[in-house]
Amino acid sequence: MGFQNDVSFSEFCSVLKQEMKFRFAEDSCIEIHKVTKNNSMEYDCMLIRDAKETVAPNFYLQDYYEEYKTGRTLEDIAAELETMYYHSRNKVKELDTDLSFSGCRNKIIYRLVSQKMNEELKHSIPYVCFLDLMITFHIMLCQDEEGVAMIRVTNVLMEQWEVDKEMLLKLAQNNTKELFPGNVCSMYALLRDGGETSAGDNFFQDAFAENSAPVVEPMVITNERYVNGAAAVLYPNMLRRVAKLFQGDYYLIPSSVHEMLAVPANAITAEHELLMMVAQVNESCVQEEEILSNAVYRYWSQSRILKIVG
């Protein structure tokens, strides 16, 4: 079947599903379903699973539909999905998919996400409030050069494990900083060379040298993978150590779920302008799934307290 500009997305999914069924065994499971991601973003996915498999990859279809509308053939799309399936299946076989508590306790990690944009999700998962944000829990399956694979801990899974969210938080606090070590680097260095020149403890050691001057440039707080790195602000002593870099108070700007931006308080003259900037950047520059908050936070170094501005 070739290009047809008037084919709707649902029609495209239906025809693509039929095309994929021709390419797999009759007892294979090929389904199209919705997946809810961060910030309540819903995506239509194709799941392809062999009859003997318990875990299978999802393939997001919206981008393929856009390509189809601009001339890519259905057969070409189906061929790519077939190739990707066999590649993904081999990777899935390498994963440790033991979802027992004993099999997962050392792989439970946390993320920091918006409360407001995940209201519906709050009914089905364990979470811990953190200012206007919330800490959610996940099981890390693998991380390699292709990315990070994880699954969300739900209330059902927590009940099966017979643990509470306090236990999840304790485990995630230890695991996350070990699996995703914190990284604090100059924003300018990050823009220039990906932050590869200054990170983690080395930066802190240099900045804490005797008679060192306070840091005056914006700093990025994230992790070494730059994935879900905003959660690094939860690491023990992270906020206090950043305050030592600036030798005083600072503002935290939630630039995305992947990082926070720290700016010395004495560099900001009008908090309302900072709030306007964050809202504008989120609206125009940040993918909706990656928005963390429109708020701004201030860390008071003497009292070691983080508060929402305004």
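Predicted model, so just to flag it, every value in this text is computed and none were measured.
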Exercise for review: May I ask you to decide if Ile108's main-chain N or O and Asn175's side chain share a donor-acceptor pair within less than 3.5 Å?
Suggested key: yes
Practice item. I would like to know whether Glu11 and Ser8 meet side-chain hydrogen bond (donor to acceptor under 3.5 Å, both in side chains); could you show each step before the answer? Key: CA-CA 5 Å; Glu11 291 171 331; Ser8 69; 3.2 Å; yes
Point to revise | Steps toward side-chain contact (heavy atoms from CB on, under 4.5 Å) verdict (Gln18, Val15) | key: CA-CA 5 Å; Gln18 293 303 315; Val15 177; 5.6 Å; no
Practice item. Decide yes or no on side-chain contact (heavy atoms from CB on, under 4.5 Å) for Leu81 and Met20, but give the supporting numbers first. Key: CA-CA 8 Å; Leu81 287 173; Met20 296 304 293; 3.7 Å; yes
Check your understanding: Given the rule that I, L, V, M, F, W and Y join up when any side-chain heavy atoms are under 4.5 Å apart, are Met219 and Val216 in one cluster?
Key -> no
Point to revise | Nearest heavy-atom neighbours spanning Phe180 and Asn223 | key: O-CB, 3.6 Å
Check your understanding: Any idea which heavy atoms bring Asp132 and Ile308 closest together, and the distance?
Key -> N-CD1, 3.9 Å
Check your understanding: Is the closest side-chain donor-acceptor distance between Glu259 and Tyr226 under 3.5 Å?
Key -> no
Exercise for review: Compute whether any side-chain donor of one residue and acceptor of the other, for Asn183 and Thr222, lie under 3.5 angstrom apart.
Suggested key: no
Study note, to complete from the structure: Taking every heavy atom of Leu292 against every heavy atom of Ser114, the minimum-distance pair comes out as O-CB, 3.2 Å
Review point. Would Phe246 end up clustered with Tyr235 when hydrophobic side chains under 4.5 Å apart are linked, directly or stepwise?
Key: yes
Review point. Counting only heavy atoms not in Glu283, do more than 12 fall under 6.0 Å of its CD?
Key: no
Check your understanding: Below 4.5 Å, heavy atoms only, C-beta onward: do Leu16 and Ile77 meet side chain to side chain?
Key -> yes
Check your understanding: What is the distance from atom OH of Tyr68 to atom OG1 of Thr73, rounded to the nearest 0.5 Å?
Key -> 9.0 Å
Check your understanding: Under a 4.5 Å cut-off applied to non-hydrogen side-chain atoms, are His258 and Glu290 in contact?
Key -> yes
Exercise for review: Specify the closest pair of heavy atoms between Leu61 and Phe12, including all atoms of both residues, with the distance to one decimal.
Suggested key: O-CE2, 4.1 Å
Check your understanding: Hey, which of Met167, Met158, Glu159 is the one that makes side chain to side chain contact (heavy atoms under 4.5 Å, CB included) with Pro126?
Key -> Met158
Review point. Leu261 versus Met187: any side-chain heavy-atom pair under 4.5 Å?
Key: yes
**Study point:** Heavy atoms from other residues, nucleotides or ligands near CG of Asn174 exceed 12 (cutoff 6.0 Å)
**Key:** yes
Review point. Do the charged groups of Glu166 and Lys170 touch, with an N to O distance under 4.0 Å?
Key: no
Practice item. Consider only side-chain heavy atoms of I, L, V, M, F, W and Y, link residues closer than 4.5 Å, and tell whether Ile253 and Met276 are in one cluster. Key: no
Check your understanding: With a 6.0 Å cut-off on ring centres, are Tyr85 and Phe59 close enough?
Key -> no
Check your understanding: Going from CG on Leu133 to CG on Leu234, what distance comes out if it is rounded to the nearest 0.5 angstrom?
Key -> 9.0 Å
Point to revise | Joint cluster assignment, Leu252 & Val113, ILVMFWY side-chain distance < 4.5 Å | key: no
Exercise for review: Check whether NZ of the Lys or CZ of the Arg Arg298 lies under 6.0 Å from the centre of the six-membered ring of Trp300 and within 45 degrees of that ring's axis.
Suggested key: yes
Exercise for review: Working to the nearest 0.5 Å, report the span between CG of Leu169 and OG1 of Thr176.
Suggested key: 9.0 Å
Review point. Is it the case that more than 12 heavy atoms not belonging to Arg23 sit under 6.0 Å from its CZ atom?
Key: yes
Check your understanding: How about Ser256 and Ile291: do any of their side-chain heavy atoms sit closer than 4.5 Å?
Key -> no
**Study point:** Modelled atom types, side-chain donor and acceptor of Asn39 and Asn118, under 3.5 Å
**Key:** yes
**Study point:** Side chains of Glu80 and Thr83, donor plus acceptor under 3.5 Å
**Key:** no
Study note, to complete from the structure: CE (Met117) and OG (Ser40) are apart, to the nearest 0.5 Å, by 7.5 Å
Review point. Heavy atoms, side chains only, cut-off 4.5 Å: are Ile32 and Cys13 in contact?
Key: yes
**Study point:** Side-chain touch Phe24/Lys21, heavy atoms, less than 4.5 angstrom
**Key:** no
Review point. Any chance CZ of Phe22 has more than 12 other-residue heavy atoms, nucleotides or ligands included, within less than 6.0 Å?
Key: no
Exercise for review: Decide yes or no on side-chain contact (heavy atoms from CB on, under 4.5 Å) for Arg111 and Ile109, but give the supporting numbers first.
Suggested key: CA-CA 7 Å; Arg111 293 182 60 187; Ile109 60 175; 5.7 Å; no
Point to revise | salt bridge (Lys or Arg N to Asp or Glu O under 4.0 Å) involving Asp76 - partner list, sequence neighbours excluded | key: Arg72
Exercise for review: May I ask you to check if Lys165 and Tyr127 form a cation-pi contact, with NZ or CZ under 6.0 angstrom from the six-membered ring centre and within 45° of the axis?
Suggested key: yes
Practice item. With sequence neighbours left out, write down each residue that passes side chain to side chain contact (heavy atoms under 4.5 Å, CB included) with Thr36, or none if nothing qualifies. Key: Glu42
Review point. Got His138 and Ile151 here, is their nearest side-chain heavy-atom distance under 4.5 Å?
Key: no
Check your understanding: Under the side-chain contact (heavy atoms from CB on, under 4.5 Å) criterion, do Lys307 and Ile305 qualify, and how do the steps go?
Key -> CA-CA 6 Å; Lys307 293 183 179 181; Ile305 294 176; 3.6 Å; yes
Exercise for review: Quick one: pull up CD1 in Ile48 and NZ in Lys17 and give me the separation to the nearest 0.5 Å.
Suggested key: 11.5 Å
Point to revise | Nearest atoms (heavy-atom pairs only) where Asn294 meets Ala279 | key: OD1-CA, 3.7 Å
Review point. Taking a hydrophobic cluster as the set of Ile, Leu, Val, Met, Phe, Trp and Tyr residues connected by side-chain heavy atoms closer than 4.5 Å, whether directly or through intermediates, do Leu47 and Met84 fall within one such cluster?
Key: no
Point to revise | Side-chain heavy-atom pair Tyr251, Pro264 within 4.5 angstrom cut-off | key: no
Review point. Is the CD atom of Glu288 crowded by more than 12 outside heavy atoms at less than 6.0 Å?
Key: no
Check your understanding: Counting N and O atoms only, with roles assigned by atom type, does the side chain of Ser284 sit under 3.5 Å from a partner on the main chain of Gln280, one being a donor and the other an acceptor?
Key -> yes
Point to revise | NZ (Lys122) with more than 12 external heavy atoms under 6.0 Å | key: yes
Review point. Can you name the closest pair of heavy atoms from Glu19 and Ala78 and give their distance?
Key: CG-CB, 3.4 Å
Practice item. For the pair Tyr60 and Tyr43, name the ring-plane relationship: parallel under 30°, tilted 30 to 60°, perpendicular over 60°. Key: perpendicular
**Study point:** Donor on one side chain, acceptor on other, Gln62 and Glu66, under 3.5 Å
**Key:** yes
**Study point:** Any donor-acceptor N or O pair under 3.5 Å, side chains Ser186, Glu217
**Key:** yes
Check your understanding: How long is the gap from CG on Leu121 to CD on Gln115, to the nearest 0.5 Å?
Key -> 11.5 Å
Review point. Just wondering, are more than 12 heavy atoms of other shown residues or ligands nearer than 6.0 Å to CD in Glu119?
Key: yes
